[in-house]
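Here, residue 1 is the first one in the sequence, and each next residue gets the next number. Each ligand, and each atom within it, is numbered from 1 in the order the structure gives.
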Amino acid sequence: MEKIYNGIWKLRWGQPEKISPLTLTKIHPSQEALDNLHCLGNPPISISDIEIKETTRGLKIELPLKEGEQIYGFGLQLHRLNHTGRKKVIRVNSDPIADTGDSHAPVPFYVSSAGYGVYVDTARYATFYCGTNLSKGASEHQKNKQKSVGTSEIELYGYQKAEGDRSMVVDIPATKGIDIYFFEGPDMKGVVQRYNLFSGGGTIPPAWGLGVWYRAYSAAQNEDVMRLAENFRNDSMPVDVFGFEPGWQTRAYSCSFLWDDNRFPNHEEMLENLFNMNYRVNLWEHVFVHPSSPMYEELIPYSGDYEVWEGLVPDFALKEAREIFAKHHLQYFIEKGVSGFKLDECDSSDFVHSNWSFPDIAQFPSGLDGEQMHNMLGVLYQSTLLEVFKKENKRTLSQVRASGALASSYPFVLYSDLYNHKVFIRGVVNSGFSGLLWSPEVRHAETAEDLIRRIETVVFSPHALLNCWRIPNPPWMQVDQDKNKRGEFFDDFERVRELCQSLFQTRMSLIPYLYASFANYKYTGVPPFRALVMDYPNDPNTYDIDDAYMMGDSMLVAPIVSGETERNVYLPEGRWWDFWTDTLYEGGQSYIFKPELGKIPVFIKDQSILPLAAPLENVKDDSIFDITVKVYGENPKDFFLFEDDGTSFNYEEGLYNWVRLSWNSDRKGGVERKGDYAGRRYQFSNWESK
Ligand code: GAL
């Protein structure tokens with residue numbers, strides 16, 4: 001067991017595979033920030049408590065798990081927060097419909113409530129048995145114990161809480177050696193901070209990325225795009241990013257990566273028009289390269305041995321494939337002003353009727369097999385494009401449908417074709433354990449109420465995205481797809497539009513607060529969106545809360561889904577202020593709230609300073625946020641805004657400021673800037689104290 005960073009230990013057993021997330025991902029651990037974290041100085045698990053064995057399948061690792069330990073993490077787990085007593089397979093999948101571990105972004109990393117974390121560096125479909133079984137003989141003492149006859153499945157097979165210690169058993173196929181990393185806490189937040197800092201620190205999106213995103217109808221043509229774009233501006237609907245879906249290309253499924261001249265006869269002029277209206281443009285694509293693509297011939301030697309949707313699968317573990325892809329994207333899109341991409345279909349399908357993706361036994365010229373490539377493709381795809389943006393010194397916030405281990409520093413947000421609203425909320429809660437960002441995107445809605453409830457969630461999430469790829473008109477005009485296509489609108493669409501507009505404005509007013517939370521993610525590793533149990537690890541009431549979360553350090557968000565008129569919200573210890581009404585609540589207890597439409601339950605922690613901006617319609621490169629500083633309670637903690645140009649990587653060279661907001665005992669506000677960024681992104685017009 002070797003200490004490799006402050007609070008991080010590495011255990012090597014046997015000869016690990018050459019291919020692993022760590023060998024493929026170019027991470028640069030944030031050494032200085034890791035050094036600043038308090039560390040106890042001992043590995044959280046003693047080497048004598050770990051058993052590793054070669055098996056006929058590969059490797060078995062057995063790690064201790066104490067009776068009361070709760071297990072979190074494993075990436076974007078949409079179906080469960082607390083994995084104690086469950087089996088999780090780390091296998092990437094596009095339709096993770098059940099609680100099996102399959103996920104758009106599975107990560108072989110778990111966090112224990114006992115205050116440590118374990119990362120197993122494998123790209124294989126590893127299975128984690130989180131205290132599911134006792135070892136042979138352990139139940140002998142139960143010999144004479146009576147048990148009544150079970151008459152329901154749940155009584156017969158239901159999960160039984162551990163009576164005594166169990167273990168974490170990890171099964172890794174096709175592997176003869178492994179590197180395991182242990183992260184100290186002292187608590188779960190500390191563990192996650194270390195994991196994120198080890199991965200290079202969290203990402204800071206460009207400021208515009210935190211605004212509202214609208215992805216337009218897949219079959220839209222030039223004039224449809226312009227009509228939508230103009231209407232948003234005429235109606236003062238805040239929208240920052242305009243997204244194009246597959247129809248922009250001559251071929252999608254597989255992709256040509258070329259603009260379709262029929263639908264977009266002069267796409268450069270259209271882009272110019274969009275840029276002049278201050279939109280950023282994001283293009284949908286996937287990784288499979290159609291024979292008509294200019295990249296096709298060059299990529300042949302650097303692709304896997306099976307096609308998908310008649311297209312090549314580039315081997316992004318090879319420099320050559322990355323460069324060909326990067327060059328095309330730079331020349332055709334990024335140099336033309338495109339701000340980002342939606343990297344679709346880089347997960348794999350097993351549970352839906354389809355013939356994709358490549359088989360697990362596929363071979364790639366770099367030496368990866370299909371299994372490893374499936375688990376790595378999302379991450380490799382992200383880094384291939386991120387490198388281009390880095391070289392251009394332009395930040396992006398983009399989308400991706402698959403990710404994995406050590407991806408904390410990637411400015412990509414995950415999404416899914418699943419659509420259960422509660423599952424989507426759980427995604428926000430869970431992704432924070434594993435360095436991932438997740439969008440509970442709004443795609444369609446059953447009713448106007450459903451639409452508003454979903455928009456409420458999305459504006460209090462990492463990514464305020466409306467993915468309207470199936471409807472030509474905005475959903476606030478009509479949610480029914482057929483009627484929307486026929487142009488039959490709600491009688492009261494103005495009311496619905498107003499509710500949406502007001503929620504979008506709320507999002508815009510939160511950008512400086514969110515931006516600071518992301519900067520905190522970068523420099524301290526604290527995820528901007530996280531489960532309550534991370535902030536309140538000693539409160540068992542928070543262990544299983546998967547429908548409310550912390551957004552930044554001061555906001556607790558409790559979304560509500562359509563059809564429910566009230567919900568229970570547990571407020572942890574301390575006092576909490578209702579964001580909308582300023583009513584004060586005592587924590588340590590639950591309350592029932594009946595939120596009106598458009599007003600999701602949101603609470604501000606007592607003794608917080610919250611910067612709220614006058615809502616812009618979009619974030620321009622030179623926008624200045626006009627801030628009202630809200631002060632909650634007596635002796636609030638200082639708040640630090642992050643100030644830089646919002647679009648380049650110059651902050652990595654030290655060109656940023658921390659703007660300290662304080663409230664002194666004379667009840668006066670103070671603003672103090674420190675740092676080397678000469679520009680000003682914030683002005684302070686007003687202080688309000690509660
Ligand atoms: C799906 C993707 C959707 C949409 C669609 C377009 O795979 O998840 O968001 O982009 O493709 O074909």
Side-chain angles (χ1 to χ4, degrees), residues 76 78 92-97 102-105 212-221 224-225 228 241-260 263-264 281-290 308-311 313 338 340-358 374 377-378 381-382 385 397-403 412-421 423-424 427 436-445 451 454-455 458 461-472 474-475 479 481 484-485:
L76 177 73
L78 292 173
V92 77
N93 198 274
S94 68
D95 288 86
I97 40 181
D102 294 273
S103 156
H104 294 280
V212 177
W213 290 49
Y214 188 95
R215 306 203 71 92
Y217 191 38
S218 197
Q221 313 210 1
D224 307 314
V225 167
L228 278 173
V241 182
F242 198 96
F244 287 80
E245 285 289 306
W248 70 270
Q249 295 189 53
T250 51
R251 286 291 306 239
Y253 294 93
S254 47
C255 291
S256 64
F257 304 90
L258 292 173
W259 281 93
D260 182 338
R263 274 190 287 271
F264 301 99
V281 168
N282 179 292
L283 298 180
W284 176 100
E285 65 170 51
H286 64 222
V287 69
F288 310 114
V289 182
H290 188 258
V308 175
W309 287 314
E310 299 163 355
V313 188
V338 169
F341 301 91
K342 170 174 170 180
L343 311 183
D344 210 15
E345 326 289 4
C346 46
D347 36 27
S348 172
S349 123
D350 289 300
F351 307 134
V352 286
H353 172 74
S354 73
N355 60 349
W356 70 293
S357 176
F358 47 87
H374 278 310
L377 185 55
Y381 196 1
Q382 292 172 64
L385 290 178
L397 184 66
S398 285
Q399 295 185 254
V400 70
R401 221 177 61 188
S403 194
F412 287 80
V413 191
L414 288 152
Y415 61 96
S416 176
D417 281 351
L418 299 186
Y419 205 52
N420 178 297
H421 192 172
V423 165
F424 270 29
L436 301 168
L437 300 174
W438 158 253
S439 174
E441 70 171 29
V442 181
R443 201 158 58 234
H444 52 86
L451 175 72
R454 284 177 181 273
I455 292 182
V458 94
S461 86
H463 194 206
L465 169 66
L466 274 72
N467 178 14
C468 304
W469 73 278
R470 292 202 281 215
I471 45 174
V479 292
Q481 267 180 53
N484 189 300
K485 283 185 187 157

For atom 2 (C) of ligand 1, the protein heavy atom that lies nearest, with its residue and separation
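Looking only at protein heavy atoms, the one closest to atom 2 (C) of ligand 1 is Asp344 OD2, 3.2 Å.
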Quick one: nearest non-hydrogen protein atom to atom 12 (O) of ligand 1, plus distance?
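That would be Tyr253 OH, 3.0 Å.
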How long is the gap from CG on Leu451 to NE2 on His444, to the nearest 0.5 Å?
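NE2 of His444 is found 11.5 Å from CG of Leu451.
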N or O pair under 3.5 Å between Lys342 and ligand 1:
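Yes: some nitrogen or oxygen of Lys342 is under 3.5 Å from one in ligand 1.
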I would like to know whether Tyr415 and His104 meet ring-ring contact (aromatic ring centres under 6.0 Å, His included); could you show each step before the answer?
CA-CA 8 Å; Tyr415 61 96; His104 294 280; 7.3 Å; no
Are any of the heavy atoms in Arg443 under 4.0 Å away from ligand 1?
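Flag not set, Arg443 not near ligand 1.
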Yes or no: does Pro246 have any heavy atom under 4.0 Å from an atom of ligand 1?
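Flag set, Pro246 near ligand 1.
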Part of [X] with heavy atoms under 4.0 Å of ligand 1, whether side chain, backbone, both or neither:
X	value
Glu345	side chain
Phe244	neither
Glu245	side chain

Centroid-centroid under 6.0 Å between Trp438 and Phe424 rings:
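Aromatic pair counts; centres sit under 6.0 Å.
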For ligand 1, which atoms sit closer than 4.0 Å to a heavy atom of Tyr415?
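Checking each atom against Tyr415, I get 8 (O).
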Proximal ligand 1 atoms for Asp417, defined as those under 4.0 Å from one of its heavy atoms
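So the atoms of ligand 1 that pass are 1 (C), 2 (C), 3 (C), 7 (O), 8 (O).
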Name of the residue among Trp248, Phe244, Tyr253 meeting ring pair (Phe, Tyr, Trp, His ring centres under 6.0 Å) with Trp284
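It is Tyr253; the other options fail the test.
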Regarding Arg401 and Asp417, does a basic nitrogen lie under 4.0 Å from an acidic carboxylate oxygen?
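Yes.
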Arg470 and Glu245: salt bridge (charged side-chain N to carboxylate O under 4.0 Å, His left out), yes or no, with the steps?
CA-CA 10 Å; Arg470 292 202 281 215; Glu245 285 289 306; over 6 Å; no
Just checking Glu310: does its CD atom have more than 12 heavy atoms from other residues, nucleotides or ligands closer to it than 6.0 angstrom?
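Counting other residues, nucleotides and ligands, CD of Glu310 stays at 12 neighbours or fewer.
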